[in-house]
Novice: 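Structure in structure tokens, see below.
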Amino acid sequence: VQLQASGGGLVQAGGSLRLSCTDSGTLKVPFSRYVIGWFRQAPGKGREFVAGMHWNRGRPDYLDSVKGRFTISRDNAKNTVYLQMNGLKPEDTAVYYCAAGRKIYSSTIYVTQDQYVYWGQGTQVTVSS
């Protein structure tokens, strides 16, 4: 496991959580050079792209259903990418994963799993109604 995701938990609908994704120290290339994406997987469903950000903090990309509620950001000095989740809904319940993209210095935010090569272990987010 090259990345570490944390910050999940149990929250009521309308609440907020902030997830963090950090480098576990095993990446051969500095964390700051990768596109970082957040994915989630709900029980019985496939893994879906939630948000992604360029290595240089360019315009991020989001799943339509989280636009306006979730914000991705990164602090390259701390080797950390954050996912601020506000206005959480029960349908946001899932295991959330962060991942590093296939190419360094990429100008493309990948939205499919196969373009990500390094993954974190996942953090559970549960939103109660």
Side-chain angles (χ1 to χ4, degrees):
V1 176
Q2 290 86 6
L3 305 179
Q4 294 179 337
S6 62
L10 173 63
V11 64
Q12 290 186 332
S16 298
L17 285 171
R18 189 177 78 160
L19 306 184
S20 298
C21 175
T22 60
D23 176 5
S24 65
T26 60
L27 291 176
K28 295 181 179 179
V29 174
F31 179 87
S32 61
R33 300 180 186 180
Y34 290 97
V35 167
I36 299 295
W38 284 98
F39 288 75
R40 67 185 181 188
Q41 186 165 17
K45 296 186 177 181
R47 194 171 295 187
E48 65 177 351
F49 172 83
V50 175
M53 176 164 272
H54 293 108
W55 68 276
N56 64 351
R57 295 188 293 273
R59 189 175 70 178
D61 196 8
Y62 297 96
L63 178 69
D64 284 347
S65 63
V66 309
K67 286 181 180 177
R69 299 189 296 123
F70 290 12
T71 303
I72 188 172
S73 62
R74 68 189 299 164
D75 185 338
N76 284 338
K78 296 182 178 180
N79 284 343
T80 303
V81 172
Y82 303 99
L83 184 66
Q84 178 67 44
M85 304 186 296
N86 299 328
L88 283 162
K89 304 176 180 180
E91 52 264 42
D92 295 318
T93 294
V95 177
Y96 283 70
Y97 300 88
C98 63
R102 179 177 302 276
K103 296 180 180 179
I104 61 172
Y105 296 131
S106 174
S107 61
T108 300
I109 296 176
Y110 316 114
V111 297
T112 58
Q113 297 182 63
D114 61 340
Q115 296 299 320
Y116 290 83
V117 293
Y118 303 113
W119 290 83
Q121 81 285 7
T123 184
Q124 176 70 48
V125 172
T126 303
V127 184
S128 63
S129 57

Novice: Return the minimal non-hydrogen interatomic distance between N79 and S32, and the atom names on each side.
Specialist: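 The pair with the smallest heavy-atom distance is OD1-N, 4.3 Å.
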Novice: When you group the ILVMFWY residues by side-chain heavy-atom contacts below 4.5 Å and let the links chain together, are I36 and W119 in the same group?
Specialist: no
Novice: Looking only at heavy atoms, what is the nearest atom pair of A42 and A94, with distance?
Specialist: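 Closest approach of A42 to A94, heavy atoms only: N-CB, 3.7 Å.
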Novice: Set out, in order, the CA-CA distance, both residues' side-chain angles and the distance that settles side-chain contact (heavy atoms from CB on, under 4.5 Å) for M53 and V81, then state yes or no.
Specialist: CA-CA 9 Å; M53 176 164 272; V81 172; 5.6 Å; no
Novice: First locate atom CZ of R18, then atom OG1 of T71, and finally report the distance between them rounded to the nearest 0.5 Å.
Specialist: 11.5 Å
Novice: Give the minimum heavy-atom separation between G122 and V95, together with the two atoms involved.
Specialist: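 Looking at all heavy atoms of both residues, the closest pair is CA-CG1, 3.8 Å.
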Novice: Looking at CZ of R47 and CZ of R40, how far apart are the two atoms once the value is rounded to the nearest 0.5 Å?
Specialist: 13.0 Å
Novice: When you look at M85 and V127, which way does the side-chain contact (heavy atoms from CB on, under 4.5 Å) test go after all the steps?
Specialist: CA-CA 11 Å; M85 304 186 296; V127 184; over 6 Å; no
Novice: For a quick test of your reading: what N or O donor-acceptor pairs under 3.5 Å do the side chains of residues 19-27 make, sequence neighbours left out?
Specialist:
residue : atom : partner : partner atom : Å
D23     : OD1  : G25     : N            : 2.7
S24     : OG   : V1      : O            : 3.1
S24     : OG   : Q2      : O            : 2.7
S24     : OG   : T26     : OG1          : 3.1

Novice: Taking all non-hydrogen atoms of both residues, which atom of R74 and which atom of F31 are closest, and how far apart?
Specialist: NH2-O, 3.2 Å
Novice: Test of understanding: with side-chain hydrogen bond (donor to acceptor under 3.5 Å, both in side chains), list the residues that count as partners of K67, not counting sequence neighbours.
Specialist: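 Listed in chain order: D64.
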Novice: Can you check side-chain hydrogen bond (donor to acceptor under 3.5 Å, both in side chains) on Q124 and T126, steps first, answer last?
Specialist: CA-CA 6 Å; Q124 176 70 48; T126 303; 3.3 Å; yes
Novice: Between Q121 (side chain) and A5 (backbone), is there a donor-acceptor pair under 3.5 Å?
Specialist: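 Yes.
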Novice: I'd like to know if V125 and Y82 are part of one continuous hydrophobic network [Ile/Leu/Val/Met/Phe/Trp/Tyr, side-chain heavy atoms within less than 4.5 Å].
Specialist: no
Novice: Sort and list the pairs that fulfil ring pair (Phe, Tyr, Trp, His ring centres under 6.0 Å) and have at least one residue in residues 48-79, not counting sequence neighbours.
Specialist: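 Counting only pairs at least two positions apart or across chains, the ring pair (Phe, Tyr, Trp, His ring centres under 6.0 Å) contacts touching residues 48-79 are F39-F49, W55-Y105.
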Novice: What are the two closest non-hydrogen atoms of G87 and R69, and how far apart are they?
Specialist: O-NH1, 2.9 Å
Novice: Can you pull out every disulfide bond (SG atoms under 2.5 Å apart) where at least one residue sits in residues 44-82? Sequence neighbours excluded, please.
Specialist: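 Sorted result for residues 44-82: empty, none.
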Novice: Name the one of V50, T123, L3 that satisfies side chain to side chain contact (heavy atoms under 4.5 Å, CB included) with C98?
Specialist: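 For C98, the side chain to side chain contact (heavy atoms under 4.5 Å, CB included) check succeeds only for L3.
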Novice: For Y110, check ring-ring contact (aromatic ring centres under 6.0 Å, His included) against everything at least two apart and list the hits.
Specialist: Y116
Novice: If every non-hydrogen atom of D61 is compared with every non-hydrogen atom of I109, which pair is closest and at what distance?
Specialist: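 Looking at all heavy atoms of both residues, the shortest contact is N-CD1, 3.6 Å.
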Novice: If you measure from NZ on K89 to OG on S65, what distance do you get to the nearest 0.5 Å?
Specialist: 7.5 Å
Novice: Applying side-chain hydrogen bond (donor to acceptor under 3.5 Å, both in side chains), can you list everything that pairs with Q84, at least two apart in sequence or on another chain?
Specialist: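 Applying side-chain hydrogen bond (donor to acceptor under 3.5 Å, both in side chains) to Q84 gives N86.
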Novice: Does R33 reach the main-chain N or O of I104 with its side chain, forming a donor-acceptor pair under 3.5 Å?
Specialist: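 Flag not set: sc R33 to bb I104 has no pair under 3.5 Å.
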